[in-house]
Amino acid sequence: MIKGSMRRNFFASTVCLFTLLVMPLASAADHTPDELQRVVNEAHARYEDLKEGKNADYIPILTTVPSDLFGVVIATRDGKIYAAGDVNYKFSIQSVSKPFTAALVMQQQGPAAVKEKIGVEPTGLPFNSKIAIELYEERSANPSVNAGAIAAVSMVQADSEQDRWNQVLQNLSDFAGNELELLEDVYESEYSTAWSNRGIANVLYNYGRLYSDPEEALRVYTKQCSVGVNAIDLAIMGATLANQGVNPITNKRVLAARHVPELLAVMAMTGFYDESGEWQYTAGLPAKTGVGGGIVTVVPGKFAIVAFSPRLNESGNSIRAMKAIRYISGELGVGLYGANPE
Ligand code: DON
């Protein structure tokens, strides 16, 4: 009896292990190259003429980015690229950088430190909310909102501000498999108007929830958000997460495989701020948005879907990028909770 149930348990565990380890690693093989290129082309064609929303304007220079730009990319976990539209235009990464710096903190201090010193709960509030800092005991709430992202930067183990910035930039570059650079004009524009984030950094410090000098954390965080990427860079960053933390272009391990699920869970719960619920309800995938107009989405074990378009909705999320990715998720049936066509 005991032995039989042990055998059944062994069988069940083996099947589970197979499902968990082998199935998600079955590459994008369940989708042919033609199919991936087709959905990318369709998503681009479908929303190309959509003009809804507007560029972010609280960072003055973002109003000068041509609003009609629109690019869509899938990058597979083995580094194959399927692209349509403006995928070579360099724009500021903004909040899409946040989970990748949280990953660096996880690498240095483990996921428990992220949970305890930042938090992992969704706020249901906008990305720059000050009320959330007062409402929640964690203060910083999670690594996707500005408070949690500034806290993550302050947790990077560094000897100096320069060292902190070098590590943050190198980590983003390692995820992208490309030496990324600061867009100086974006940094100047954002840092000279960063009154809201400066307030957040100082309040967190006052609560003992910021772990470096606040102005240093603010400067490095603002530089992090001002890093230039194109849609293909972002797609490789996402593909690195789809590939269990190994960059498919350089083959460098950037994040321990055992930390990838925690990071993807945070992205799923918080990546769209006060629209995170709706995003899971529709696209059903972990993702992160930025006010530069980029969105990176991860289909674990398979590929990343990225879209870029500068016009945003009220929550600061790119309208065409959301629609394009949601379309692809539905068409390919890759939502985590089951196929969910539009
Ligand atoms: O701190 C900020 O406000 C910007 N650097 C980033 C905000 C952002 O991208 C929000 N995402 N959609």
Side-chain angles (χ1 to χ4, degrees), residues 39-74 83-99 122-129 144-146 186 225 229-235 238 267-268 270-299 304-332 334-335 340-342:
V39 291
V40 164
N41 292 345
E42 282 174 5
H44 188 266
R46 213 173 147 105
Y47 299 112
E48 197 174 3
D49 296 327
L50 187 68
K51 305 267 185 215
E52 235 177 273
K54 63 180 184 63
N55 287 33
D57 57 7
Y58 75 98
I59 300 170
I61 202 167
L62 295 187
T63 60
T64 67
V65 177
S67 305
D68 284 334
L69 290 166
F70 183 34
V72 183
V73 185
I74 288 179
D86 302 306
V87 296
N88 294 310
Y89 184 88
K90 208 184 266 191
F91 56 96
S92 55
I93 188 169
Q94 299 296 342
S95 292
V96 184
S97 61
K98 292 169 176 175
T123 62
L125 289 163
F127 62 86
N128 53 2
S129 174
S144 295
V145 295
N146 289 6
V186 176
C225 292
V229 285
N230 63 31
I232 294 175
D233 292 323
L234 278 193
M267 289 169 71
T270 65
F272 278 70
Y273 318 112
D274 46 338
E275 280 191 326
S276 298
E278 188 179 330
W279 179 252
Q280 286 312 298
Y281 200 69
T282 54
L285 289 166
K288 187 71 206 75
T289 70
V291 290
I295 301 180
V296 65
T297 308
V298 180
V299 182
I305 315 168
V306 162
F308 158 62
S309 166
R311 291 196 192 91
L312 311 178
N313 66 13
E314 291 292 313
S315 297
N317 300 324
S318 167
I319 294 175
R320 282 193 299 189
M322 281 173 84
K323 286 184 183 290
I325 296 169
R326 195 270 173 267
Y327 173 78
I328 291 174
S329 167
E331 281 298 295
L332 297 178
V334 291
N340 182 18
E342 256 184 325

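When a residue number appears, it is its place in the shown sequence, counting from 1.
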Quick check for you: to the nearest 0.5 Å, what is the distance between S276 atom OG and M267 atom CE?
11.0 Å
If we only count heavy atoms from C-beta on, is the F91 to L234 side-chain gap below 4.5 Å?
yes
Nearest non-hydrogen partners of I325 and A307, listed with the distance:
CD1-N, 3.7 Å
Side chain proximity check, I319 to R311, heavy atoms < 4.5 angstrom
no
Report the distance from atom OG of S309 to atom CG of L50, rounding to the nearest 0.5 Å.
8.0 Å
Looking at every heavy atom in both A324 and V72, which two are closest together, and how far apart are they?
CB-CG2, 4.2 Å
Please examine the side chains of D233 and K90, heavy atoms only from C-beta on, and report whether any two atoms are closer than 4.5 Å.
no
Heavy-atom count around E314 CD within 6.0 Å, excluding the residue itself: above 12?
no
What are the two closest heavy atoms between A231 and V73, and how far apart are they?
CB-CG2, 3.8 Å
Just do the salt bridge (charged side-chain N to carboxylate O under 4.0 Å, His left out) check on E342 and R46 with the steps written out, would you?
CA-CA 13 Å; E342 256 184 325; R46 213 173 147 105; 3.3 Å; yes
R320 side-chain N/O to D68 backbone N/O, donor-acceptor pair under 3.5 Å
yes
Kindly give the heavy-atom pair with the smallest separation between A321 and I295, and that separation in Å.
CB-CD1, 3.6 Å
Which atom pairs, one a donor and one an acceptor, fall under 3.5 Å between side chains of residues 282-290 and the rest of the protein, sequence neighbours left out?
unit_1: T282; atom_1: OG1; unit_2: E278; atom_2: O; d: 2.9
unit_1: T282; atom_1: OG1; unit_2: W279; atom_2: O; d: 3.3
unit_1: K288; atom_1: NZ; unit_2: G271; atom_2: O; d: 3.0
unit_1: K288; atom_1: NZ; unit_2: Y273; atom_2: OH; d: 2.7
unit_1: T289; atom_1: OG1; unit_2: N317; atom_2: OD1; d: 2.7

Testing the basics here: between R326 and P341, what is the closest heavy-atom pair and its distance to 0.1 Å?
NH2-O, 3.8 Å
Nearest 0.5 Å, please: how far is OG in S315 from CE in M322?
7.5 Å
Quick one: do the D57 and T63 side chains pair a donor with an acceptor below 3.5 Å?
no
Taking atom OG of S318 and atom CG of L69, what is their separation to the nearest 0.5 Å?
11.0 Å
Measure the OH-CG distance between Y327 and L332 for me, rounded to the nearest 0.5 Å.
9.0 Å
Closest heavy-atom pair, S67 versus P310, reported as atoms and distance to 0.1 Å, is O-CD, 3.6 Å
Atom pair CG (N230) and CG (D86), whose distance is rounded to the nearest 0.5 Å
11.0 Å
Side chain N55, main chain L62, donor-acceptor under 3.5 Å:
yes
So, do V145 and T270 sit near enough that their side-chain heavy atoms are less than 4.5 Å apart?
no
Can you tell if the side chain of I74 reaches within under 4.5 Å of the side chain of V39, non-hydrogen atoms only?
yes
A quick test of your reading: do over 12 heavy atoms of other residues, nucleotides or ligands sit less than 6.0 Å from OH of Y281?
no
Evaluate the criterion ring pair (Phe, Tyr, Trp, His ring centres under 6.0 Å) for residue pair F70 and Y47; output intermediate values, then yes/no.
CA-CA 9 Å; F70 183 34; Y47 299 112; 7.3 Å; no
